[in-house]
Structures are given as C-alpha cells and as structure tokens.
Amino acid sequence: MNARDRTDLITRYTEETVTEEEIETLLEEREDPHAYIGYAPTGEMHIGHFTTMRKLADFVAAGLEVTVLVADLHAHLDDEKSPFELLEARSTYYEEAIRGMIEAAGGDPDDVEFVRGTDYQLEEPYTLELYRLIADTTISRAKRAGSEVVRQSDNPKLGGLVYTLMQSLDVLALDADIAYGGIDQRGIYMLSRELFDDDEKPACVFAPLLSGLTGGKMSASDATSKVNLTDSPDQVDEKIQGAYCPQGEVEDNGVLEYLEYLVFPVFDERGEVLTVERPEEYGGNLVYETYDELETDYVSGELHPADLKPGAAAAISEVIDPVRERLTSQPDLLADAYPDTYD
RNA sequence: CCGCCCUUAGCUCAGACUGGUAGAGCAGUCGACUGUAGAUCGACUUGUCCCCCGUUCAAAUCGGGGAGGGCGGACCA
C-alpha cells in the first residue's frame, strides 16, 4: 500500500481529519507512525464505543503502531465518575471489552498496545511538564478545550481542568503522531496542537458520534438511547423497535447510523450481507451489500422503517455477539467494575 | 477561624413567613392514531420532604443539634 491508500484507510468512516496532508506526509516519511486513543474507564461501554474502536483495525491494517490508553486517573478526575477504589476493576473491564471489539471488527487485539494512565502519569517527566502547563494555561482556555468532554456543572472541580491538560499532554508522553477519538475530543487535541511545537503536535482523526435511538444525542443516563455491548438479542430488538426512525429521513436517525458506521463496515470485513425480511404484500425480502444501497432505498421510501428495524436489530446483535459472549463469560469483570449494578 | 444561604419525585423547582394526610413542569409507563418510532391527543405512576432529638392532638413547615453543598469575611511575618 502506498501512502495515499494508507491515508484513505486511516480516514474512512471518520468525521474529520486534521490534517489529511499531515497524515499522508507522515506515512511517506515514516515506516510505522504511532496512533493512540484514550478512554477513561467510567460507565459501561456501548455500541458508540464499538464504532470508534472498529477503526483501530483499519489503523493496524494501514501499518500504524496503535496504543490504547486506559486513562484510569482521568476517570476519577472527571467529576469523580469512577470512585478511586474501582479504577483497577474498571480498567480491567475496559481493556477486555476493547480487545473484544477489536477482534469482532476483524483485527487482532495483540497488535495493539495497552497502557494505563497510572503507568506514567504519576512521575517525572510527566508531572513536571504538567505543572508547567498548569502554570501556563488560563482557566478559560482549559475550560473551553474540555467543554465537550468533561462533565459540566454549576460548581465544577479543578479536576476537570487538570483532566484537559493531562490529555493534551498524553500525546507527547505516549510519543503519538496521531491522536484519535470521537469528534467530542476535538477541543482537547486542538489545545495540544496549540501548546506544542510543530514536530511534537499530533495530527488528529475524529470519529463521528452516533445519534441516540430516542432522537438527539446518545445519553449515558438513558438506557433506551443506546445498545449496550452486553444486551441480549431480545433487548437489542426491543430498543431498536422503540427507536426514533422517521420514514425516508436520514437526519438524527440512529438506526441508519448504526448500520453505516458499525454493521456494514464489520459485515464487509466478514464478507456478509444484510438481509431485510419483508412480507410479500410489501414486496418481499431485500438484500443489501452496501450502506449506500440501503440508504437510497430508505430515502426513496422503498424500504419502510417497520421492515428495516427487525433486520437492523438482528444485524446489530450479530455484530456485538462475540463481544457479549466474551464479557458475559467472565461475569466477575462487570460485577467487580460495577458492584452497584451487578450485585 | 467567623458569618450567611441551600438540601422536597429520575431532573428543575414551588410549598415553609401563618403547623392540618405533599404539588407543578419535564421525564417515565400504558392506551388511541399512524404498517416503526416520533409528533399529537387520553389516562396513569412517581417520595426516607438530608439525618437525629425536641415542642405539639398534629411538623416538609416551629426550636436545638448534626451531615453534605454553596457564598462571603478574617488571617497573610
């Protein structure tokens, strides 16, 4: 693969790349540039995480060295979302879930290096650099950078601001050439690019954030707005059945987005196609090899939501199935990480 | 260290002055209408009124103590 093809692979199904030229140049000059994604082990992982993780298989295929940072300290710094005592259990669960997602997406988890925040964030040179950033950055600048990521409240703690600076610094600490994450991470990595020299600042790749199933954004606090990795086929079916899904409309349509960014990319990797069962009275079954074909039928009205939903639910279940199996076969993982939910 | 304010449904809050079986909006659940969902109607559900003690026939409400949160003052060789 040449640099151009590798760049295309790295940037496909993404929301934004900063900048494509930088990435192509990087690939021309270096054999195996280094990409990283960080996750704070807070709440249970869901289908939105899966669409983001799927890309790591593309990264590996494009010849990037890939690191996943399990940012344990960040999970506590962001409004104490994870209690200090649970950081270890949640980090273990996150790593296992992420391995499962990479494998389900057709990648080999062993091609990815896992790092914990506490592996390097508690000592020099990291701490010293962090203090310099703290001294150098205004409160309003840090607040703006982290506003889409850090939990907002009337009485925010300092943790949220330190969180933002730490994540900006992680790029350097991990020696990453490319910072990857959801588009919500944009502000933080733009701060990174602003703070550091040209030869240190990261190129960025951002994944789209999928709409929630209830219309609008996916919400951590609303179980019906998203499919969890451990949802049974029946639960998935129930959630998709209840999803906001206006006929012919693509806007804010979580069901279609799940298909575009998760189901079809994974099916493509596995060599599968999507079958939509439809009663004879409405024209009989349909088979789709690509998302574009499906969207065209949906927009034209040929494909009705009531027929799409069961087919989409089955396909989603099929995609998350290996991850669900992996997690439910180790019940202690979730029980230890979320004792209040699984007692 | 001192002073003041706040704590009521999943969320935002009213009710407290003047004690009498705890409310609204949003959210949620269920029906109707759609070949899905939403929207729109219709119905329904929701409580340790932060905790303890006291006064009273009766306390979310009054008094005392405590916890958590917020704001301000003072100190600053």
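Here the structure is a predicted model, which is why all the values come from computation and not from measurement. Note on naming: letters A, B, ... go to the chains in the order of the sequence lines (proteins, then strands), and numbering restarts at 1 for each one.
- One C1' atom belongs to B/rU29, the other to B/rG10, and the distance between them is 13 Å to the nearest Å.
- For the salt bridge (charged side-chain N to carboxylate O under 4.0 Å, His left out) condition, the pairs that include at least one residue of residues 49-71 of chain A, sequence neighbours left out, are A/R12-A/D58, A/R54-A/D58, A/K55-A/D58.
- Taking the C1' atoms as reference points, B/rU45 lies 12 Å from B/rA27, given to the whole Å.
- Using N1 to N3 plus N6-O4 or O6-N4 for Watson-Crick, or N1-O2 and O6-N3 for G-U wobble, each under 3.5 Å, B/rC30 pairs with B/rG42.
- When each of A/T42, A/D79, A/D78 is paired with A/R151, the side-chain hydrogen bond (donor to acceptor under 3.5 Å, both in side chains) condition holds for A/D79 and for no other.
- Pairing partner, B/rG19: none, since no Watson-Crick or wobble contact has both distances short of 3.5 Å.
- Comparing the same atom, C1', in B/rG66 and in B/rC26 gives a spacing of 34 Å after rounding to whole Å.
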Produce the list of close N/O pairs, under 3.5 Å, pairing protein atoms with atoms of nucleotides 3-12 of chain B; give distances to one decimal.
none

Along nucleotides 32-40 of chain B, 5' to 3', which nucleotides get a B, which get an S, and which get a -, given that the test is a protein heavy-atom distance under 4.0 Å?
---BBBS--
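- Nucleotide B/rA37 forms no Watson-Crick or G-U wobble pair with any nucleotide shown, as no partner meets the under 3.5 Å limit on both distances.
- Applying the salt bridge (charged side-chain N to carboxylate O under 4.0 Å, His left out) test to residues at least two apart or on different chains, the pairs with a partner in residues 104-115 of chain A are A/R99-A/D110.
- Only the P atoms considered, B/rC75 is 26 Å distant from B/rG69, to the nearest whole Å.
- B/rG15 and B/rA60: their C1' atoms are spaced 9 Å apart (whole Å).
- Taking a pair to require two hydrogen-bonding distances under 3.5 Å in either a Watson-Crick or a G-U wobble arrangement, B/rG54 pairs with B/rC62.
- The partner of B/rG47 cannot be assigned: no Watson-Crick or G-U wobble pair with both contacts below 3.5 Å exists in any strand.
- Between A/D170 and A/L69, the closest heavy-atom pair is OD2-CD2, 3.5 Å.
- Legend: ring pair (Phe, Tyr, Trp, His ring centres under 6.0 Å) pairs involving residues 80-123 of chain A, not counting sequence neighbours, sorted by first then second residue: A/H76-A/F84, A/Y93-A/Y338, A/Y120-A/Y126.
- A distance of 11.0 Å separates CZ of A/R186 from CD of A/E148, quoted to the nearest 0.5 Å.
- Counting only residues at least two apart or in different chains, salt bridge (charged side-chain N to carboxylate O under 4.0 Å, His left out) contacts with residues 243-255 of chain A are absent.
- When the P atom is compared between B/rC44 and B/rC50, the two are found 28 Å apart, to the nearest whole Å.
- For the C1' atom pair drawn from B/rA22 and B/rU48, the interatomic distance equals 14 Å after rounding to whole Å.
- Judged by Watson-Crick or G-U wobble contacts below 3.5 Å, the nucleotide B/rC4 has B/rG70 as its partner.
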N/O donor to acceptor pairs below 3.5 angstrom from side-chain atoms of residues 254-265 of chain A, sequence neighbours left out:
residue : atom : partner : partner atom : Å
A/E257  : OE1  : A/S211  : N            : 2.7
A/E257  : OE1  : A/S211  : OG           : 3.3
A/E257  : OE2  : A/S211  : OG           : 2.8

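- Comparing the same atom, P, in B/rA59 and in B/rG19 gives a spacing of 13 Å after rounding to whole Å.
- Residue pairs meeting the side-chain hydrogen bond (donor to acceptor under 3.5 Å, both in side chains) criterion with at least one member in residues 263-283 of chain A, sequence neighbours excluded: A/R278-A/E302.
- Nucleotide B/rA24 forms a pair with B/rU12, judged by Watson-Crick or G-U wobble geometry with both contacts under 3.5 Å.
- Partners of A/H46 under the ring pair (Phe, Tyr, Trp, His ring centres under 6.0 Å) rule, at least two apart in sequence or in another chain, are A/H49.
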